[in-house]
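The structure appears below as structure tokens.
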Amino acid sequence: MPIITLPDGTTRSFDTTTSPLQVAEDISAGLASVAIGARINGELCDLNTPIEEDAQVKIVTARKGEKETDPDALLLIRHSCAHVMAEAIQRIRPKTELVYGPALENGFYYDISFENEEPLSSDEFEAIEKEMKAIIEENRPFTRYELDATTGLEKLEKEGNKYKIDNAKRALETGSTSLTWYATGEKDKNWEDLCKGPHVPSTGRIGSYKIMTIASSYWHGDAESDNLTRVYGNAFVYSKQLKAYLKQREEAKLRDHRTVGKNLRLFHVDEQVGQGLVLWTPNGAVVRQELQTFIAEQLQLQGYSQVFTPHIGKLDLYRTSGHYPYYQESQYPPLIDPDQLKRLSDEGCSCSELSNMMAKGDIEGYLLKPMNCPHHIRIYASSPHSYRDLPVRLAEFGTVYRWEQSGEIGGLTRVRGFTQDDAHLFCMEDQIADEIRGCLELVKVIFATLGMDDYKVRVGLRDPDSDKYVGEASNWDKAEAACREAVESLDVPWTEDAGEAAFYGPKIDFIVNDVLGRPWQLGTIQVDYNLPIRFDLTYIGKDGGHHRPVMIHRAPFGSMERFIGVLIEHFAGAFPTWLAPEQVRVLPISEKTNDYAQEVHDLIHALGIRVSMDKNDERVQAKIREAANMKVPWQLIVGPRDAEARQVSVRMRGIRHDLGAVDLDTFITALQTEIQSRGKESILENCFPDVDVPKDA
RNA sequence: GCCACCGUAGCUCAGUGGUAGAGCGCACCCUUGGUAAGGGUGAGGUCACGGGUUCAACUCCCGUCGGCGGCUCCA
């Protein structure tokens, strides 16, 4: 006699075992016709799952309007669509073996082994989609059946798909007592897949779908293991939703910093220079310089000292720090002392012998620095410190080099040479929390100025089961507590993650998503008890004795490369005036006003503002279009009327028409104010208080 | 590093086993035009690089470099 409680609190009782479908039918025929699944006591289930006891039931429907489709409905549709896609692929490639095909937050994929088949090409998507269409039109039911562990494993052994056997064993190990299959149609007759479900009732309930892309993956995510083909797709209830999704992806591509960077000539990566080595072209260099100046101003206010250090250091330095042995695989190979190299060569030393000698420390060389901390540590160590001097805060826009895997490199977000907004704080233990808070404050100020509020904070703690960490457990406890304490005072969402710590200490990471939704770690703050020991750093305490300082590594924006990459996407290339490579462009209506235009240009230029003048023999319409394409924030249109009145007609980026004519001097003053205040005081407010401008313009 | 796909003019991209194409951009000329493309003419390519097959390769095959999408990694 199950009593069913619905989300609105009402209850319905049934005489016998029931199912979500029966519950829906009991409510209304309309509901039953749109139901595709249910949550029973919070768990997502098939529509015909038997309910034998009292339960909370939420019916999942696919029809709630285009704007607010239930995420559960999308999960059901996408997982079901993955099955249909896999069946379609197996029709075309019968010898493939299925591995794993889950729904994602933003689509679905199916991992398939093509070991015994010709590889799949994206040219074949259309053919696969055609097969999928046929399967969906047949509207075959998803039929669930269950076998006990022994019978189920026997069946899988007989079929011989090692991946599915492995999936089954894993399911049984994690507590399942039986195995379930879903046939698309009838058991023993139609295509089927080992799968825990749930699914929509029948293939006809899958809405609009599309195969997106083909990629590769490893079995169990293990690079040593089998290579699998991963086919990504997406599915929605309505075709309009699919169209909107595809359109959004197109727009994201236009916002991609690689596209914008090329169009606006912000940076260039050159084949002949090297993979992952960024060349900052003049426009991008302006953005970077402005940003660095801004950050440096904030650092000065917070009591940092600026330092400069070279790009290389002795190999032994990194043996002391531990970086060389620990990260050897991801560093550029060392530069070996030329005399020593020649001697070894004369002695007939082989490459492997050389490599061994370098690892053991029998040979001296230099390393392109993969980190700035050893250099900063040696600066600290170069003079004695009293407890009265602490904290010592050494800051540098320090360029480091890392041998990232070639397949990982791309754009500005993953590179081999990059400049960190780095600093190292040397302090006493009871200063740690305050220093971390200072770092967080800096991040807040800068993100706020840039209008970036969509970021997350992750506190990375050690994994208690791993032995990769160095240092005393008691120190780790203290450092982890300090991180937590500081982050709690910051008003942003944060999570704790065990196993995300650096090998020498816990850290606080800032994570931002790019335009394609991929998360990137930007900045990081790390507490380090380890390096001060390794380098035997001390300060003189109140008691006159030597004490050990604690170090904080912090690069709140990570690397200038990655940060600006994310920033380009954040602004879609439309930088605020203070950051824009070109801040103002003067557009004379015809050559007749070139003289006045030149005067306007020169006056602005003399103030150190980045201004240009479009002298091309074009109509003003073409000049406006060109300036708009280059995302210049302010266009000054000057014709005879403006020259006569010593005014400029002002066009703001993103607004269809000009805002009106203002006195040249008034505009210039307002422009200077906006730039100097980094946008806090806008030209709009000071020159055009009555103009109504949409916020996102 | 692994797997798949891709590499043609400054940019975006067509194209074919038989002497290389468009649009935009660029240069020059005409036009002097008031708010998102005025018109004309012209220059510009060793078809990423190196091998091979072929009478003939931009096209087919192999390798290298680079890009893209994932996987793995990220102090």
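Lettering of chains follows the sequences in order, A, B, ..., and the numbering in each one begins at 1. Just so we're clear, the structure is a prediction, and the values are computed from it rather than from any experiment.
Listed candidates were B:G67, B:C2, B:C73. Nearest to the side chain of A:S216 is B:C2. Out of B:A75, B:G69, B:G38, the shortest distance to the side chain of A:S330 is found at B:A75. Set against B:C73, B:G70, B:G67, the side chain of A:R230 has B:G70 as its closest nucleotide. The nucleotide whose nearest atom lies closest to any side-chain atom of A:Y218 is, among B:C74, B:C71, B:G33, B:C71. Taking the side chain of A:R651 as heavy atoms from C-beta on, and the options B:G69, B:A36, B:G1, the nearest nucleotide is B:A36. When distances run from any side-chain atom of A:E404 to the nucleotides B:C73, B:A37, B:C3, the shortest one goes to B:C73. Distances from the side chain of A:I589 to the nucleotides B:G33, B:G1, B:A4 place B:G33 closest. When distances are taken from the side chain of A:Y327 to each of B:A75, B:G70, B:U12, the shortest belongs to B:A75. For A:K592, the listed nucleotide lying nearest its side chain is B:U32; candidates were B:U32, B:A75, B:G69.
Comparing A:G411 and A:R414 against RNA chain B, the residue whose closest nucleotide sits nearer the 5' end is A:G411. Mapping A:R402 and A:D222 onto RNA chain B by nearest heavy atom places A:D222 closer to the 5' end of the strand.
Rounded to whole Å, the P atom of B:A14 lies 12 Å from the corresponding atom of B:A9. With P as the reference atom, B:U32 and B:G38 are 15 Å apart, rounded to whole Å. Of the C1' atoms belonging to B:G18 and B:C3, the separation is 37 Å, rounded to the nearest Å. With both ends at atom C1', the span from B:A56 to B:U16 equals 14 Å, rounded to whole Å. Comparing B:G66 with B:U8, their C1' atoms are spaced 15 Å from each other, to the whole Å. The P atoms of B:A20 and B:C47 are separated by 9 Å, rounded to the nearest whole Å. When the C1' atom is compared between B:C60 and B:G44, the two are found 30 Å apart, to the nearest whole Å. The same atom, C1', is picked in B:A37 and in B:C73; the two are 48 Å apart, to the nearest Å.
Across all strands, A:D658 comes closer than 4.0 Å to base atoms (heavy-atom distances). Residue contacts for A:S590: at a heavy-atom cut-off of 4.0 Å it reaches a base atom on one of the strands shown. Looking at heavy-atom distances under 4.0 Å, A:Y504 makes contact with sugar-phosphate atoms alone, never a base. A:A622 comes within 4.0 angstrom of sugar-phosphate atoms only, judged by non-hydrogen atoms across all strands, and of no base. A:K369 comes within 4.0 angstrom of no nucleic acid atom, judged by non-hydrogen atoms across all strands. A:Q420 comes within contact range of no nucleotide atom at all, as no heavy-atom separation falls under 4.0 Å. Note on A:Y232: only backbone sugar-phosphate atoms sit closer than 4.0 angstrom, heavy atoms only; bases stay farther off. If you check every strand for non-hydrogen atoms under 4.0 Å, A:H657 touches sugar and phosphate atoms only. No engagement by A:S122 is indicated, since no non-hydrogen atom pair under 4.0 Å with the nucleic acid exists. Nucleic acid contact class of A:K262 (heavy atoms, under 4.0 Å, all strands): sugar-phosphate only. A:R416 comes within contact range of no nucleotide atom at all, as no heavy-atom separation falls under 4.0 Å. Heavy atoms of A:Q526 sit under 4.0 angstrom from primed sugar atoms or phosphate atoms, though from no base atom. Nucleic acid contact for A:Q621: sugar-phosphate only, since backbone atoms but no base atoms lie under 4.0 Å from a heavy atom of the residue.
Between A:E271 atom CD and B:G67 atom P the separation is 7 Å, expressed in whole Å. Taking atom CD on A:E224 and atom P on B:C2, their separation rounds to 11 Å, with Å as the unit. With rounding to whole Å, A:E618 atom CD is found 13 Å from B:C28 atom P. Atoms CD (A:E626) and P (B:G25) sit 8 Å apart, rounded to a whole Å. In this structure, CD1 of A:I214 is placed 10 Å from C1' of B:C3, rounded to the nearest angstrom. In this structure, A:L277 places its CG atom 10 Å from P of B:G67, rounding to the nearest Å. Distance A:R585 CZ to B:A36 P: 16 Å, rounded to the nearest Å. The distance from atom CD1 of A:I128 to atom P of B:A4 is 16 Å, rounded to the nearest whole Å.
Aromatic pair A:Y380/A:H424: ring centres not closer than 6.0 Å.
Judged by distance alone, with hydrogens and angles left aside, A:R265 brings no side-chain donor or acceptor close enough to the base of B:C11 to form a pair under 3.5 Å. Residue-to-nucleotide contacts include no donor-acceptor pair under 3.5 Å from the side chain of A:R625 to the base of B:A36. Judged by distance alone with a 3.5 Å cut-off, no donor-acceptor contact links the side chain of A:R258 to the base of B:C68. Judged by distance alone, with hydrogens and angles left aside, A:D617 brings a side-chain donor or acceptor within reach of the base of B:U31, the pair sitting under 3.5 Å.
Using bins of under 30°, 30° to 60° and over 60° for the plane-to-plane angle, the ring pair A:F557/A:F563 lands in the tilted bin.
With A:H376 contributing its side chain and A:R393 its backbone, the two residues share no donor-acceptor pair below 3.5 Å. Here the side chain of A:E117 pairs a donor or acceptor atom with the backbone of A:K95 at under 3.5 angstrom. The main-chain N or O of A:V415 is never found under 3.5 Å from a side-chain atom of A:R562 such that the two would form a donor-acceptor pair. Between the side chain of A:S649 and the main chain of A:V638, no donor-acceptor pair closer than 3.5 Å is present. A distance-only check finds no donor-acceptor pair linking the side chain of A:R653 to the backbone of A:Q635 [under 3.5 Å]. A donor-acceptor contact shorter than 3.5 Å is absent between the side chain of A:S113 and the backbone of A:E97. Within the 3.5 Å criterion, the main-chain N or O of A:P310 finds a donor-acceptor partner in the side chain of A:K369.
Contacts of residues 635-649 of chain A with RNA chain B (heavy atom under 4.0 Å): A:I637, A:G639, A:P640, A:R641, A:D642, A:S649.
A sub-4.0 Å separation between OP1 or OP2 of B:G34 and a side-chain N or O of A:K623 is absent. For A:Q275 and B:G66, the shortest distance from a side-chain N or O to OP1 or OP2 is below 4.0 Å.
Enclosure of atom CZ in A:F114 by more than 12 non-hydrogen atoms of other residues, nucleotides or ligands within 6.0 angstrom is indicated. Other residues, nucleotides and ligands place no more than 12 heavy atoms under 6.0 Å from the CD atom of A:E118. Open room surrounds CD on A:E115; 12 or fewer heavy atoms of other groups in view lie less than 6.0 Å from it. Residue A:Y163 qualifies as enclosed at atom OH: its count of foreign heavy atoms under 6.0 Å is above 12.
Helical stems of RNA chain B (runs of at least 3 Watson-Crick or G-U pairs, donor-acceptor distances under 3.5 Å) are listed by first residue: B:1-3 with B:69-71, B:5-7 with B:65-67, B:10-13 with B:21-24, B:26-30 with B:38-42, B:48-52 with B:60-64.
Side-chain contact between A:I211 and A:I128: present, with at least one pair of heavy atoms (C-beta onward) separated by less than 4.5 Å.
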